Protein chains: 2
Amino acid sequence: MKLSVRGEYALRALLVLARDFQEDDSVVRIQEISRRQNIPKRFLEQILNDLKSAHLVESKRGVAGGYRLRRRPERIHLAEIVRHIEGPLAPVSCVSEKYYEKCSCPDEARCAIRSVMKETRDAIVTIMERVTLADLAERARKLEQSPAVALDFVI
Amino acid sequence: MKLSVRGEYALRALLVLARDFQEDDSVVRIQEISRRQNIPKRFLEQILNDLKSAHLVESKRGVAGGYRLRRRPERIHLAEIVRHIEGPLAPVSCVSEKYYEKCSCPDEARCAIRSVMKETRDAIVTIMERVTLADLAERARKLEQSPAVALDFVI
DNA sequence: CAAATCTCTACTAAGTCAATAGTTATTTTG
DNA sequence: CAAAATAACTATTGACTTAGTAGAGATTTG
């Protein structure tokens, strides 16, 4: 049920871009993202390239180059990011909306496990589609202000 | 975010054992489970053996041998099964209760992603800890009675 | 004892993960 | 216009995981 490191890095990188987002076309260098989030630079390169192909970010080459969000952070929700990097949000593909696959069970329509997995899927998707990069940036801002032990109260 | 095939097979096998569960010490043969759930027999063998080491099932050898649940189906919830086969239910280990691991982010206590992942974890765990094998068996029974298109109404 | 069944260990082919490396292309600066 | 800085692209790799398959051994029942 776990996200890959790749997916986690993608979220953290995009969070940096969201926090630094401006309406002009300013970009953030990979090196900067790598440093602030403690992500191996060359690996991050690949991930950002991948996010570019998903039209989530755009890049600027050359000496003053870097990456920026292609849309405003309010318009990018976590579901879209995770789906592109990891594939289905659903625990089993037979309940996935975007990546449906038939499973090997004898009667999918009457599978009790499937019905529980669908509930689970819905719970996950509800959260991931509700939270945007802007929300994440806002949460980050608030967490940085509060002195400590913050997390336990947020949840 | 997906369950492995192994995990899915485990759930389906245990559902069979739950449906056939009796208070006496009657067992179900691997072959029978394999046939009813369309699971490769030799692979299922391994999985059931694994579930035995988790004290979820017990086995009887010999010609009238097979497997049975070690506890009543009401007392086995899905979380326990999935945790044993797959590991953490949480999308990232830094929010896992049972399999906690520190992540590479600069400040875990103030990580905005972590706070969303914790919500997600809680949503998943709430479902998986509430639903038992007995519930699953009951759902299966009801789904078999209803004529068709049943799944969409259950959810 | 024979047959059916579980047990245990080992093996494997394919795929995925998390990088690493090398080369090419582009842009800005001097 | 050339050099330097930076990103883009392509390929490779080593370790690990996944989903099985295989074979020999142990146990129980008829």
Side-chain angles (χ1 to χ4, degrees), chain A residues 1-13 17 25-35 37-68 70 82 84-88 92-93 101 103-105, chain B residues 1-13 16-17 25-35 37-54 56-70 82 85-88 91-93 101 103-104:
Chain A
M1 305 282 294
K2 267 178 65 180
L3 225 57
S4 69
V5 173
R6 192 185 184 83
E8 204 189 310
Y9 286 171
L11 290 175
R12 278 162 49 192
L17 295 186
D25 55 355
S26 63
V27 295
V28 183
R29 277 176 302 164
I30 283 192
Q31 205 174 17
E32 163 94 2
I33 302 172
S34 164
R35 190 183 52 73
Q37 283 291 330
N38 203 21
I39 300 171
K41 192 189 147 193
R42 297 307 288 274
F43 191 24
L44 180 58
E45 215 172 282
Q46 271 187 19
I47 295 166
L48 285 170
N49 214 346
D50 188 8
L51 293 173
K52 187 181 170 183
S53 78
H55 303 298
L56 287 166
V57 301
E58 56 194 5
S59 62
K60 198 177 149 191
R61 284 190 162 191
V63 68
Y67 284 89
R68 67 191 311 275
R70 208 171 140 172
V82 175
H84 185 259
I85 300 284
E86 306 281 334
V92 292
S93 300
E101 274 175 51
C103 80
S104 69
C105 83
Chain B
M1 304 283 294
K2 268 178 62 179
L3 226 57
S4 68
V5 173
R6 192 185 183 85
E8 203 188 310
Y9 286 171
L11 289 175
R12 278 162 49 193
V16 170
L17 295 185
D25 55 355
S26 63
V27 294
V28 184
R29 277 174 303 161
I30 284 190
Q31 205 173 18
E32 164 93 3
I33 303 172
S34 162
R35 190 183 51 74
Q37 283 290 332
N38 202 20
I39 300 170
K41 194 190 146 193
R42 295 308 288 276
F43 192 24
L44 180 58
E45 220 171 276
Q46 274 187 16
I47 295 166
L48 285 169
N49 216 341
D50 188 8
L51 294 173
K52 189 181 171 185
S53 78
L56 286 166
V57 301
E58 56 195 5
S59 63
K60 197 177 151 189
R61 283 188 162 188
V63 68
Y67 283 89
R68 68 191 310 274
L69 296 181
R70 206 171 143 174
V82 175
I85 300 284
E86 307 280 334
V92 292
S93 300
E101 273 177 52
C103 80
S104 70

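Every chain is numbered from 1 and lettered A, B, ... according to where its sequence line falls, protein lines coming before strand lines. Keep in mind it's a predicted model, so treat the numbers as computed, not measured.
- A/S34 places a side-chain N or O within 3.5 Å of a backbone atom of A/I39 that can act as its donor or acceptor partner.
- Within the structure, every side-chain polar atom (N or O) of A/S4 is placed at least 4.0 Å from both OP1 and OP2 of C/dT16.
- Side-chain atoms of A/S59 do not come within 3.5 Å of backbone N or O of A/G66 as any donor-acceptor pair.
- Of the two residues near DNA chain C, A/L3 and B/N49, the one whose nearest nucleotide lies more 5' is B/N49.
- The side chain of B/K52 contributes an N or O atom lying less than 4.0 Å from OP1 or OP2 of C/dT7.
- At least one side-chain heavy atom of A/M1 sits under 4.5 Å from a side-chain heavy atom of B/L3.
- Between the CZ atom of A/R42 and the C1' atom of D/dA11 there is a distance of 12 Å, rounded to whole Å.
- Side-chain proximity of A/A64 to the nucleotides D/dG20, C/dT28, C/dG22 is greatest for C/dT28.
- Contact annotation: B/Q31 side-chain N/O to C/dT5 OP1/OP2 distance is under 4.0 Å.
- Residues A/Y9 and A/Q37 form no side-chain contact, since every pair of their non-hydrogen atoms from C-beta on lies 4.5 Å or further apart.
- Remark: C1' of D/dT18 and CE of A/M1 are 18 Å apart, rounded to the nearest angstrom.
- Summarising the geometry, the separation between CG on A/D50 and P on C/dC17 is reported as 12 Å, rounded to the nearest angstrom.
- For B/F43, counting side-chain heavy atoms from C-beta on, the closest listed nucleotide (D/dG20, C/dT5, D/dT10) is D/dG20.
- The pair A/E8-A/R12 meets the salt-bridge criterion, with a side-chain N (NZ, NE, NH1 or NH2) lying under 4.0 Å from an Asp/Glu carboxylate O.
- In this structure, of C/dA19, C/dT7, D/dG23, it is C/dT7 that holds the atom nearest to the side chain of B/Y67.
- Closest to the side chain of A/Y9, from the set D/dA19, C/dA19, C/dC8, is C/dA19.
- Of all nucleotides listed (C/dC8, D/dA19, C/dA4), C/dA4 comes nearest to the side chain of B/V63.
- When each of A/K60 and A/E45 is assigned the nucleotide of DNA chain C with its nearest heavy atom, A/E45 is the one assigned upstream, toward the 5' end.
- The CD1 atom of B/I47 sits 9 Å away from the P atom of D/dA19 (whole-angstrom rounding).
- The side chain of B/I30 lies closest to C/dC6, out of D/dT10, C/dA25, C/dC6.
- With C/dA25, D/dA19, C/dT7 as the candidates, the nucleotide lying closest to the side chain of A/R61 is C/dA25.
- In this structure, CD1 of A/I33 is placed 14 Å from P of D/dT6, rounded to the nearest angstrom.
- Checking side-chain atoms of B/Q31 against main-chain N and O of B/K41 turns up no donor-acceptor pair under 3.5 Å.
- Here the P atom of nucleotide D/dT29 and the CG atom of B/D25 are 10 Å apart, to the nearest Å.
- B/G65 comes within 4.0 angstrom of sugar-phosphate atoms only, judged by non-hydrogen atoms across all strands, and of no base.
- Each of D/dA7, D/dT29, C/dT9 was ranked by its minimum atom distance to the side chain of A/S59; first place goes to D/dA7.
- In this structure, A/I85 atom CD1 and C/dA18 atom P are separated by 11 Å, rounded to whole Å.
- Between the side chain of B/Q46 and the base of D/dT18 there is no donor-acceptor pair of N/O atoms closer than 3.5 Å.
- In this structure, the nucleotide among C/dT5, D/dT10, C/dT27 sitting nearest to the side chain of B/R29 is C/dT5.
- What separates CD of A/E32 from P of D/dA7 is a distance of 11 Å, to the nearest Å.
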